[in-house]
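This structure is in C-alpha cells; I'll ask about it shortly.
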Amino acid sequence: MKYIDEFRNPQLATRLVAQIRREATRPVRLMEFCGGHTHAIFRFGLRQLLAGKVVLSSGPGCPVCVTAAADLDHAIALAGVPGVLLTTFGDMLRVPGSRGTLQDARAQGADVRLVYSPLDALKIARQHPQREVVFLGVGFETTAPGIAATLVQAQQESLTNFSVLSLHKLTPPAMRAILDAGEVALDGIIGPGHVSVITGSQAWQFLPRDYAIPCAVAGFEPLDLLSAISALVQASVTQTPTVTNSYGRSVRPAGNLVAQQLLERVFDVVPATWRGFGEIPASGLQLRAAFAAHDAALRFPLALTPVAEPPGCRCGEILRGVIQPPACGLFGRGCTPRHPIGPCMVSAEGACAAYFKYGIGVELKT
Amino acid sequence: MCLAIPTQIKSISKNHNAVVELGGVQREISLIMTPEAKVGDYVLIHTGYAINLMSDEEAQASLDAFAEIALIQGESIAAF
C-alpha cells in the first residue's frame, strides 16, 4: 500500500538500526506515548534490534486504558436506562468497570451496538427517532474532532435523540503529569503520530522548553519509528533537545486547523480523571453549553460513586511507565486477553495486550 | 483507537462526502476536515473522517533522507 510499504524497507531499516547503535554511546531511555507505537515496536521487533542501546517504555497513550473505572460504570449505567440505545467503538465493549463490562450489560438485555464511526451512531438516531441514542465518546485529539463534527451535524439536523457521553482526553497534559511526577527517568519521548496530525508537532514544544527533553513525532512503520528513535538518540547524546517531525507525510507543524476549530467550537477543556493518574488539570473535553442538549451526562444524570481498581491490577503504574507489564503479578496468570482483569490487557493498544501478544515476559509466568 | 489508514479518494459527492476503498470494501467517509482534498488524493482515514491530506513531497523527502543515511554508511541501496 502506498505510504506504508516503502516505509518497511528492511535494508534501510538495517542501516538505521546500525546508525542508532553506533550513535547511542550510552543507553538512551525513551517513552513511546502511544499504544499504537508499542504494538508496532513489538510487531517489527525493534526492542530486540536496539537492545542494550535504547530502552523503550510504554506510556499512557491508550484511550480505553486511561478511562477511569467510574466513567466506565457511568457508561454501563447509561446502557441500562430504559429507552437508551448505547453506541460505542468495539474496543470499549470488554473493558471491565467495577461491576462488569458493556458486553455483560448487553448479555443482560441492554441495547449496546458497535459502530465504526460516530456518523454510524447518527444514522441509528435518524432511524430510531423513538429511542435515545447515546454515543460513548472515548479517544484523544485524533478522535474527538470527528465526534465534534458529528455533534455539529446532529445540532444542524435537530436530532434531539442523539447525545454523547464525552470521556475525551488531551495528551500533552498527561505527558506533563508523568514528567512532573518524576517517577520515570526519560531521555526522550516518541510523540504520538495521529494525535499530532490534529495538534501539529508544535504541540510538543513544551517538552524541550520546560523539561529539556527531546520529542520526535513518529508514524507507525519501522522506518518512521527508527528515524524518530535516531533523532532522539542524537538529541539526547548531544544534549540539544528539540521537537523533530519524523512523520512529515502526515503531520504538519501546526496540525489540522479545521479539526482544531471543531474542537474549539464544541468542547470546553476541563479537568479529567485518568486511570492510574487521578485528576489531571485541563486534560478533558466536555460539551459546551451550546451543545448541552446533546450532552448525555446532563440528559441522564446518574449518581456516580468512585470505585476502586480491580485488586492486584497494576494498569495505573504501567500507564505511567513506572513498571512494564511482566512485573504485574496478574500478567499472564489471572489476566490474559481472553480473561482480562484490567483495561491494559483488553485494548488493542494496551501495553499488557502487546506484551502478551508478542510473548514478552509470558514464558516467566506459565 | 488512533489507528488511521492512508486511503485514496475514488469519488466525491455533495456535503463533503467521499467514497474510498478500505480493505476491499467501498465506504463513504467525510472530508469535512480536509476540504482541499481532490479525487485521487490520499487521505488518512480515522473513524469515518479524513483527518489530513498525505504529502507525497514529504514522503519522498523522508525516503531520500533514509537513502542518504544508507549511502553515508558506504552502501547504496537501489530499493526505489
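Just so you know, these numbers use all the heavy atoms, side chains as well, and skip hydrogens, waters and symmetry mates.
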message: Regarding A:T143 and A:H168, do their side chains bring together a donor and an acceptor under 3.5 Å, going by distance alone?
response: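 Result is no, nothing qualifies.
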
field: Which portion of B:L3 sits near chain A, non-hydrogen atoms under 4.5 angstrom
entry: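 The backbone, not the side chain.
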
query: Hey, are A:T171 and A:E141 close enough side-chain-wise for a donor-acceptor pair under 3.5 Å?
result: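 Yes - a donor-acceptor pair under 3.5 Å links their side chains.
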
A:D224 bridged to A:R249 by N-O distance under 4.0 Å: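 Salt bridge present between A:D224 and A:R249.
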
message: Under a 4.5 Å cutoff for heavy-atom pairs, which residue among A:N245, A:V195, A:T150, A:V115 has the most contacts with chain B?
response: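 Among A:N245, A:V195, A:T150, A:V115, the one with the most close pairs to chain B is A:T150.
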
field: Top of A:S117, A:P118, A:G139 for chain B proximity - count of heavy-atom pairs under 4.5 angstrom
entry: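 Ranked by heavy-atom pairs under 4.5 Å with chain B, first place is A:S117.
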
query: Does any heavy atom of chain B fall under 4.5 Å from the side chain of A:Q19, the backbone, both, or neither of them?
result: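 The answer is both parts of A:Q19.
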
- request: Could you check which of A:F7, A:F140, A:F220 has the highest count of heavy-atom pairs closer than 4.5 Å to chain B?
  value: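 Most heavy-atom pairs within the cutoff with chain B belong to A:F7.
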
message: For chain A, which candidate among B:I32, B:V43, B:T7, B:T47 shows the most heavy-atom pairs at distances under 4.5 Å?
response: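 Heavy-atom pair counts peak at B:T47.
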
Heavy-atom pair count under 4.5 Å with chain B, highest-scoring of A:V258, A:I4, A:T142: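 Sorted descending by pairs with chain B, the first entry is A:T142.
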
field: Nearest heavy-atom neighbours spanning A:P343 and A:V95
entry: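 So the minimum-distance heavy-atom pair works out to CB-CG1, 3.7 Å.
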
query: Is it the backbone or the side chain of A:F89 that comes under 4.5 Å from a heavy atom of chain B, or both, or neither?
result: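 The answer is the side chain of A:F89.
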
message: Is it the case that the ring center of B:Y42 lies less than 6.0 angstrom away from the ring center of A:Y3?
response: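 Yes, close enough.
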
message: How long is the straight-line distance from CD of A:Q234 back to CD1 of A:I20, given to the nearest 0.5 Å?
response: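 Interatomic distance, A:I20 CD1 to A:Q234 CD, rounded to 0.5 Å: 9.0 Å.
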
message: As an exercise: rank A:G248, A:A348, A:G193 by heavy-atom pairs under 4.5 Å with chain B and give me the winner.
response: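 Most heavy-atom pairs within the cutoff with chain B belong to A:G248.
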
task: Give the member of A:I198, A:V64, A:V138 that has the highest number of heavy-atom pairs under 4.5 Å with chain B.
output: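 Maximum pair count with chain B is reached by A:V138.
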
task: With a 4.5 angstrom heavy-atom cut-off, could you sort out which part of A:L226 is near chain B: side chain, backbone, both or neither?
output: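 Neither the backbone nor the side chain of A:L226 comes within 4.5 Å of chain B.
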
query: With respect to chain A, which residue among B:M54, B:Q8, B:E28, B:E57 yields the maximal number of heavy-atom pairs within a distance under 4.5 Å?
result: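 Winner by heavy-atom pair count: B:M54.
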
query: Should the ring pair A:Y247 and A:H194 be called parallel, tilted or perpendicular, given that the plane angle runs from 0 to 90° and is split at 30 and 60?
result: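 Ring orientation, 0 to 90° scale: tilted.
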
- request: Output yes when A:R126 and A:D120 qualify as a salt bridge under the 4.0 Å nitrogen-oxygen rule, no when they do not.
  value: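 So A:R126 does not pair with A:D120 through a salt bridge.
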
